[in-house]
Amino acid sequence: MTSDEVAIRLEGVTKRFGDFVAVDDISLDIRQGEFFSLLGPSGCGKTTTLRMIAGFEDPSEGSIFLEGVDVDRLPPYRRNVNTVFQNYALFPHLNVEKNVAFGLKRKRLPKKEIEQRVHEALRMVELQERGAAKPNELSGGMQQRVALARALVNLPAVLLLDEPLGALDLKLRRQMQLELKHIHEDVGITFIYVTHDQEEALTMSDRIAVMNRGRVEQVGVPEELYESPATRFVAGFIGVSNFIEGPIERRNGGGVMRWDEGQRVIVGAPAGMSLGNEVALSVRPEKIRLLEMHEQAPEEQCLLLGTVRDVVYLGMTTQYKVDVPVLGRQFTVLEQNVKVASDQTLWEAGERAQLSWHPYHNRVLPPGGEAEHTEEGV
Amino acid sequence: MIQKGEDLLSGGAAASAPAEPGLVGRGLARLRGRRFLVANILLAPTTMWLVLFMVLPLLVVLVYSFGSRGAFGDVVLGFSLHNYAKVFSPLWFPIILRSFGFAAVATLLTLAMGYPLAYFIAMYGGRRKSLYLILIMLPFWTSYLIRTYSWIVILRSQGVVNTVLTSLGVINDPLNLLNTRFSVILGLTYGFLPFMTLPLYASLEKLDKSLIEAAQDLGASRLWTLLTVTVPLSLPGIVAGTLLVFIPAVGDFVTPDLLGGPDQTMIGNVIQSQFLSTRDWAYGSALSFSLMAILLVAILLYVRKVGAEELG
Ligand SMILES: Nc1ncnc2c1ncn2[C@@H]1O[C@H](COP(=O)(O)OP(=O)(O)O)[C@@H](O)[C@H]1O
Ligand SMILES: [Mg+2]
């Protein structure tokens, strides 16, 4: 990435409120035209990061570069950045048109041009009919779109969106996700999108930074985050993961964890992994297959024994909760319902089963880290 | 069963319709009736208070204003408009004008001082907000009369200001501060400042701070944000504050009496002297009513103008 492709660069940005570290040493490069998401649980410092980029908070340490220029001490109104606030923050005393025109008027553009750009912006969000309405006469979804138009009409270098769809109901949110994505493609402006909804981040983003307790745990494209979580927190926060810990033994070219009754988890040989030590792995629910007890799993596959506890039929898939006694935890297994037919039923609670998967799906996690995050979804 | 369901629905949906109300409708009506009763009981003391001490005295004053002065300073009831004719005599015109002028200047000054004060407390008061509010209300713990007297101590020729300035050698002869336009307006401004600050504070406190950030985000400097967002949104507080200051300031007689000279007489002094020294209660009543009428018109014009701006 050359420096002129970088819209925003954060270098070791830290924000403290008294003793509390809200944002902890974040470094990021966000590319021109990218749809970049900050994803993390509530309170992890997403809003604070966004507010530092917008200029409402000064970093305690580190620098922020906007289009290559250090914006330290530059007040918000001098930064070529616009924000869509979570609560929309529309001016209640101005009608929709005047709300949208607010930024352009400040730039002292000719009246004709302002009118035209406001009109275009309102058309983009399909509100051209409601220009004369006051914000409180509009529905939540419409207000959201006005907020978007009001920010985008200024054609900022970067658009900051702080959980912009958080207040909308699920159906409207889905629809707005698509619209936002289209608008992003149309205008070609860099979007920094804050959300705590991993599904939303995965569907909309070019790249995502997963944040936890003020730190960035991993930056990557959605597939990377899902398939190769770098930390235990990411593995648990994005989708569902099953965690395996245990001491590892040497096995030709790699390692293996072994238990009685032939149970085994085979691991490749990631760099820096010293054998004999405790190792933590994660594996995704849909990578695991459930086998009958009499079936023979291939020797090179991972194998654990368990008891089905919970069966949730989801149409396309079925989700099982399976107790795995040797690990003392419950696994989540997701099976495609391809075999389910009149003559073949689902597994039932109480049945014993073998869990089997290819070692390729194991992800070695760094030791320690966040306790696993339990969240349903994806 | 179905019939009953329909009945329920129609009654609930159209409680005001002339059709026979269903169960829900009747229930609602009963509830509303009870609420109405409770509300009236709760409002009764206030209503009685207002009627006894506000409406009745006003009626008395109105009736008096059409009468005339008796030989011994009593009121002879009657119906004559001669008191009102005298109100608009050239004698009082400059005084009425002065009253409105002083009150207007004092209102502008309280606004100019109260707005930054209220803004500061609302935006940056933090945990000290209540302390600041108590400090603003602190002067009320002393009577207005005493507080106004204390200005005499400060302003007179051997007063605090003149003594300090003379001993510092800034001036040789004491300044003539008391009994001037300056001292009256100062007294009014000082006395009515809390009445401006408190409603301003209330409206600024309610103001959504993210709107200020939104304005700055859209490129508005601090001053532009103030002019286009903060002030328009605190307009209700500005209206309330200006009315709370202007109305009593126009009719004030304590301040011009204590801090002003003969050239600072305000309409309040005239009315007061009609009642207390001249003992022409009828004429005083007519003056009072005329003042009220003029104020009412002024307020209506003002509120309509500001209200229109708020909408536009
Ligand atoms: N002005 C502030 N003063 C003190 N603490 C703050 C302030 N702003 C945010 N915080 C704290 O910083 C942490 C991160 O907040 P925030 O950035 O809003 O998180 P997020 O947007 O990810 O939910 C939270 O614990 C919050 O309480
Ligand atoms: Mg937030």
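Each chain gets a letter, A, B and so on, in the order the sequences are listed, and its residues count up from 1. Every heavy atom of this structure was used, including side-chain atoms; hydrogens, water molecules and symmetry mates were not.
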* Asked: Nearest 0.5 Å, what's the CZ-CD1 distance between A:F91 and B:I212?
  -> 10.0 Å
* For chain A, which residues of residues 213-231 of chain B have at least one non-hydrogen atom nearer than 4.5 Å to it? -> B:E213, B:A214, B:A215, B:Q216, B:D217, B:L218, B:G219, B:A220, B:S221, B:R222, B:W224, B:T228, B:V229
* To do: Return yes when atom NZ of A:K107 has more than 12 non-hydrogen atoms of other residues, nucleotides or ligands closer than 6.0 Å, and no otherwise.
  => yes
* CZ/A:R106: more than 12 non-hydrogen atoms of other groups inside 6.0 Å -> yes
* State whether the number of non-hydrogen atoms from other residues, nucleotides or ligands found under 6.0 Å of A:K112 atom NZ is greater than 12. => no
* Asked: Are B:L211 and A:P92 close enough that some pair of their side-chain heavy atoms sits under 4.5 Å apart?
  -> yes
* Listed by residue number, which members of residues 118-133 of chain A have a heavy atom under 4.5 Å from any heavy atom of chain B? -> none
* Asked: A:L90 versus chain B, heavy atoms under 4.5 Å apart: side chain, backbone, both or neither?
  -> backbone
* Interface residues of residues 78-86 of chain A facing chain B - non-hydrogen atoms under 4.5 Å apart -> A:V81, A:N82, A:T83, A:F85
* Determine which residues belonging to residues 105-137 of chain B lie within contact range of chain A, meaning some heavy atom pair is under 4.5 Å apart, and list them by number or answer 'none'. => none
